[in-house]
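Note that the coordinates shown come from a computational prediction; the quantities given were computed from them, not determined experimentally.
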Amino acid sequence: MSRSKIVIIGAGVAGLTCARALANAGYAPLVLEKGRGVGGRISTRRAQNGMTFDHGAQYFTAKSNEFRLFIEKIERSGGAAVWDDGSNLKRFVGTPGMNALAKHLAADLDVQTGLEVDHIAECSSGWEIKAGNREFECEKLIVTAPAPQTAKLIGKDHTLYETVSGAVLAPCLTLMAAFEPNQPQPFISRREPDDILSWIALDSSKPGRSADNCWVAQAGPKWSAERLEQDLPDVARDLLILLCDRIGADISSAFHAVAHRWRYANVVTPIGSPFLRNENDNLFLGGDWCLKGRIEAAWASGNAIAERVLEAG
Ligand SMILES: Cc1cc2nc3c(=O)[nH]c(=O)nc-3n(C[C@H](O)[C@H](O)[C@H](O)COP(=O)(O)OP(=O)(O)OC[C@H]3O[C@@H](n4cnc5c(N)ncnc54)[C@H](O)[C@@H]3O)c2cc1C
């Protein structure tokens, strides 16, 4: 059994932002993450010959002054840059990959990856947590998994279950594809909400990427929901046909086509407050699903939780 004052479940933007703020205030939070690395839905997949694909979040914008200052700090350290995607909007990306943002937040934090928390229970000293055969105990527990996973963890009988279950997240099937250099590149990015491929981006056009002609294409929520359980090689084949049609590429020139399934990708209905907490003030639930399906919202949620925890002491 390992004891910590604060345990955070999830090393996405919300969990890491919260951990960072608590660490800056002198706490030593322990972050438990089921994935192999940090970042959650800001994710960069490596492939052969130095190819990388941002197969989760594509870019981030800064609406609030606070988030803009945070991004500028990362920009100065080389972890983010403006991406000119032809949209005339100021869009930032992580460099050399979107997950640089998460790596920046996670630096020096105690993050244990490859640990899926499968059980939490309130106890006299706070919370007991189980992840496979590992057990942890803490005074305050912060859960930043997507809403359906958070609901499952707290359980149907918990007073916050109904509220958490009110958040709706849509799935997204995503294609990562690479073509021979002689193939067309008709645009940098394209958003067409009514097309099956609602988003297409020339991923290799982002600053700091080393390969060429690498594309990411996302299917819209309806198509993704209908094919969510289909085998990924079949999804990749279907999405590749569509992508070739949209960019005018010859399918035989595609030498890489891999699909990824995001079961909980984009927030359709948020709960409308930055986080939730229980009556004992020792359980906090947060993430983008509280506010909006955006990196900035996940960041705001994580910060708001940290603020509340620090206030309570
Ligand atoms: C395809 C796609 C495209 C997107 N495009 C954009 C975009 O262009 N711009 C933008 O701003 N946003 C975009 N988003 C949304 C953005 O990625 C999210 O808003 C943000 O990353 C959410 O951060 P989070 O920390 O709230 O959640 P997550 O990133 O989901 O982090 C939650 C973490 O909890 C972990 N976890 C879950 N359950 C457990 C458990 N039981 N035990 C341990 N760990 C657990 C998960 O593995 C994950 O790492 C996109 C998302 C997707 C999927």
Side-chain angles (χ1 to χ4, degrees), residues 13 39 41-47 50-64 67-68 70-72 74-76 78-101 170 172-221 223-224 239-251 253-260 262 265-266 292-297 299:
V13 174
R41 280 173 276 160
I42 52 166
S43 190
T44 305
R45 177 83 63 90
R46 293 185 188 288
M51 289 190 300
T52 58
F53 299 88
D54 295 328
H55 63 300
Q58 297 294 291
Y59 59 84
F60 42 98
T61 48
K63 296 227 162 27
S64 71
F67 190 60
R68 189 169 304 116
F70 165 71
I71 296 304
E72 280 169 9
I74 301 182
E75 207 182 350
R76 281 196 296 278
V82 172
W83 175 40
D84 180 3
D85 71 338
S87 66
N88 289 328
L89 297 168
K90 194 164 185 187
R91 291 176 166 168
F92 294 91
V93 292
T95 50
M98 279 296 282
N99 66 353
L101 188 67
C172 177
L173 290 170
T174 299
L175 174 71
M176 296 160 266
F179 295 89
E180 298 295 347
N182 63 354
Q183 290 302 299
Q185 300 183 350
F187 49 79
I188 303 286
S189 75
R190 190 198 80 151
R191 186 182 297 285
E192 288 284 350
D194 294 333
D195 189 19
I196 292 172
L197 293 186
S198 56
W199 169 262
I200 302 175
L202 180 57
D203 204 58
S204 48
S205 70
K206 294 177 178 175
R209 275 60 173 174
S210 50
D212 190 27
N213 227 351
C214 297
W215 293 80
V216 168
Q218 296 169 352
W223 197 92
S224 296
L239 290 179
L240 182 64
I241 293 168
L242 293 167
L243 177 63
C244 288
D245 174 70
R246 304 310 188 257
I247 64 174
D250 178 354
I251 200 161
S253 70
F255 58 89
H256 182 86
V258 172
H260 183 83
W262 292 104
N266 297 307
K292 196 178 180 179
R294 282 280 164 264
I295 291 172
E296 183 169 4
W299 180 85

Asks: Please indicate whether Asn88 has more than 12 foreign heavy atoms, meaning atoms of other residues, nucleotides or ligands, lying under 6.0 Å from its CG.
Replies: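 No.
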Asks: For Leu197, does its backbone N or O pair with a side-chain atom of Glu192 as donor and acceptor, under 3.5 Å?
Replies: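 No, the answer is negative, given that no donor and acceptor are paired below the 3.5 Å cut-off.
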Asks: If only atom types and distance count, is the side chain of Asp203 paired as donor or acceptor with the main-chain N or O of Val216 below 3.5 Å?
Replies: no
Asks: Taking the side chain from Arg191 and the backbone from Trp199, do they hold a donor-acceptor pair closer than 3.5 Å?
Replies: no
Asks: Taking atom NE2 of His260 and atom SG of Cys172, what is their separation to the nearest 0.5 Å?
Replies: 9.0 Å
Asks: Checking side-chain polar atoms at under 3.5 Å, does Trp223 have a donor or acceptor matched by the opposite partner on Ser198?
Replies: no
Asks: Determine whether the aromatic ring centres of Trp215 and Phe187 lie less than 6.0 Å apart.
Replies: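 Between Phe187 and Trp215, which both carry aromatic rings, the centre distance is below 6.0 Å.
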Asks: For the CD atom of Gln58 and the CG atom of Asp85, what is their distance to the nearest 0.5 Å?
Replies: 10.0 Å
Asks: Between Thr95 (side chain) and Gly78 (backbone), is there a donor-acceptor pair under 3.5 Å?
Replies: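 Checking the backbone N and O of Gly78 against the side chain of Thr95, a donor-acceptor pair under 3.5 Å is found.
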Asks: With heavy-atom distances below 4.5 Å as the criterion, would you say the side chains of Met176 and Arg45 are in contact?
Replies: yes
Asks: Looking at Thr44, is its backbone amide N or carbonyl O close enough to the side chain of Thr52 to form a donor-acceptor pair, meaning the two atoms are under 3.5 Å apart?
Replies: no
Asks: Quick check for you: to the nearest 0.5 Å, what is the distance between Cys214 atom SG and Met51 atom CE?
Replies: 5.5 Å
Asks: Say whether Gln185 and Asn213, considering side chains only, have a donor N or O and an acceptor N or O under 3.5 Å apart.
Replies: yes
Asks: Among all residues two or more places apart in sequence or in another chain, which pass the salt bridge (Lys or Arg N to Asp or Glu O under 4.0 Å) test with Asp195?
Replies: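 For Asp195, the residues satisfying salt bridge (Lys or Arg N to Asp or Glu O under 4.0 Å) (neighbours in sequence not counted) are Arg190, Arg246.
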Asks: Just how far is it from atom CG of Leu173 to atom CG of Leu239, taken to the nearest 0.5 Å?
Replies: 6.5 Å
Asks: Give a yes-or-no answer on whether the side chains of Ser64 and Glu296 include a donor-acceptor pair shorter than 3.5 Å.
Replies: yes
Asks: Taking the six-membered ring for Trp, are Trp83 and Phe92 ring centroids under 6.0 Å apart?
Replies: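 Centroid separation for Trp83 and Phe92: 6.0 Å or greater.
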Asks: Applying salt bridge (Lys or Arg N to Asp or Glu O under 4.0 Å), can you list everything that pairs with Arg41, at least two apart in sequence or on another chain?
Replies: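 For Arg41, the residues satisfying salt bridge (Lys or Arg N to Asp or Glu O under 4.0 Å) (neighbours in sequence not counted) are Asp288.
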Asks: Give a yes/no verdict on a cation-pi contact between Arg91 and Tyr59, requiring under 6.0 Å between NZ or CZ and the six-membered ring centre and an angle within 45° of the axis.
Replies: yes
Asks: Once rounded to the nearest 0.5 Å, what's the spacing between atom SG of Cys244 and atom CD1 of Ile251?
Replies: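 Interatomic distance, Cys244 SG to Ile251 CD1, rounded to 0.5 Å: 4.5 Å.
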Asks: Taking the side chain as every heavy atom from C-beta outward, state whether Phe53 and Thr174 have any atom pair closer than 4.5 Å.
Replies: no
Asks: Out of curiosity, Leu101 CG to Ile71 CD1, how far, rounded to the nearest 0.5 Å?
Replies: 5.5 Å
Asks: Would you please name every residue forming a salt bridge (Lys or Arg N to Asp or Glu O under 4.0 Å) with Asp54, sequence neighbours left out?
Replies: Lys206, Arg209
